[in-house]
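Below is the structure I would like to discuss, written out as C-alpha cells.
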Amino acid sequence: MALAAALCGNHTHAEGPLGPFVHLTIRAVDGSARHDWRDFQRIKNELVGEEAEGVELYPSESRVVDTANHYHLWVFREHRFPFGMEARELSDGADGVSQRPRD
C-alpha cells in the first residue's frame with residue numbers, strides 16, 4: 001500500500017519556542033487507516049533528515065482534529081528532545097522477539 005507525504009501548508013518551515021520545525025502530513029494513497037512506524041521514519045528521514053527528531057502528538061480532547069486518515073509529524077532539525085531512547089537498537093525478530101525483518 002502506497003503512502004503519500006507532504007509538507008503541510010504554511011507550517012512547512014515555521015518557527016516555534018523549540019526552534020524551526022517542519023509539519024508533515026502522511027496518508028495512505030487509498031485513504032485507508034495505515035500507521036507503520038518504519039514507513040513514517042523513512043519519510044521523515046527523506047524529507048527532513050536522518051538526525052532530525054519528530055513527534056506525533058496525541059492532544060487534549062479540546063484540540064483533537066480527526067477528519068481523515070491523515071497523520072501529522074512535527075519535525076525539528078535543531079532541537080533534541082529531552083526524552084526518548086539514548087542509543088540506537090534494532091531487531092529483525094531474532095531471539096523470539098516479534099518483529100518483521102528489516103528491509
Side-chain angles (χ1 to χ4, degrees):
M1 185 180 316
L3 292 176
L7 301 174
C8 194
N10 62 353
H11 297 290
T12 301
H13 299 283
E15 185 71 35
L18 301 177
F21 66 91
V22 175
H23 178 187
L24 301 178
T25 180
I26 302 170
R27 64 176 178 79
V29 172
D30 68 2
S32 64
R34 177 170 181 222
H35 193 284
D36 185 294
W37 184 89
R38 286 184 184 171
D39 288 337
F40 283 29
Q41 178 74 359
R42 177 186 51 77
I43 290 166
K44 187 270 307 173
N45 289 348
E46 289 174 1
L47 294 179
V48 187
E50 290 184 3
E51 290 302 312
E53 292 202 338
V55 294
E56 181 178 27
L57 180 67
Y58 292 85
S60 62
E61 280 297 312
S62 61
R63 293 178 46 181
V64 167
V65 173
D66 187 13
T67 59
N69 291 324
H70 289 200
Y71 304 94
H72 299 269
L73 295 178
W74 287 266
V75 184
F76 297 81
R77 287 189 172 104
E78 301 168 7
H79 180 73
R80 193 80 141 178
F81 291 100
F83 54 85
M85 307 306 176
E86 292 296 321
R88 180 177 169 95
E89 184 176 350
L90 304 175
S91 172
D92 62 1
D95 300 323
V97 174
S98 179
Q99 174 68 287
R100 68 185 186 278
R102 298 192 60 79
D103 298 333

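Not measured: the values here are computed from a predicted model.
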With side-chain contact (heavy atoms from CB on, under 4.5 Å) as the test, would you mind laying out the steps for Leu24 and Leu47 before giving the verdict? CA-CA 9 Å; Leu24 301 178; Leu47 294 179; 3.9 Å; yes
Shared hydrophobic cluster for Leu57 and Phe21 (ILVMFWY, side-chain gaps under 4.5 Å): yes
Between Glu53 and Lys44, is any pair of side-chain heavy atoms under 4.5 Å apart? no
Does Trp37 belong to the same Ile/Leu/Val/Met/Phe/Trp/Tyr cluster as Met85, with side-chain heavy atoms less than 4.5 Å apart forming each link? no
Whether over 12 other heavy atoms sit under 6.0 Å from Glu46 CD: yes
Taking the inter-plane angle between the rings of His72 and His23 on a 0 to 90° scale, is it parallel (under 30°), tilted (30 to 60°) or perpendicular (over 60°)? tilted
Verify the cluster assignment for Leu73 and Tyr58: are they in a single hydrophobic cluster under the rule of side-chain heavy atoms below 4.5 Å apart? no
Candidate pair Ile43 and Ile26, rule side-chain contact (heavy atoms from CB on, under 4.5 Å), full reasoning: CA-CA 9 Å; Ile43 290 166; Ile26 302 170; 3.9 Å; yes
Starting from the C-alpha separation in whole Å, work towards a yes-or-no answer on side-chain contact (heavy atoms from CB on, under 4.5 Å) for Asp39 and Arg34. CA-CA 10 Å; Asp39 288 337; Arg34 177 170 181 222; 2.5 Å; yes
Before accepting this row, confirm whether a basic side-chain N of the pair Arg80/Glu51 lies closer than 4.0 Å to the acidic partner's carboxylate O. yes
Please work out which of the three classes, parallel, tilted or perpendicular, describes the rings of His79 and Phe81, given edges at 30° and 60°. perpendicular
Please name the pair of heavy atoms, one in Arg77 and one in Ala52, separated by the smallest distance, quoted to 0.1 Å. CA-CB, 4.1 Å
Could you tell me if the side chain of Tyr71 sits less than 4.5 Å from the side chain of Arg27, heavy atoms only? no
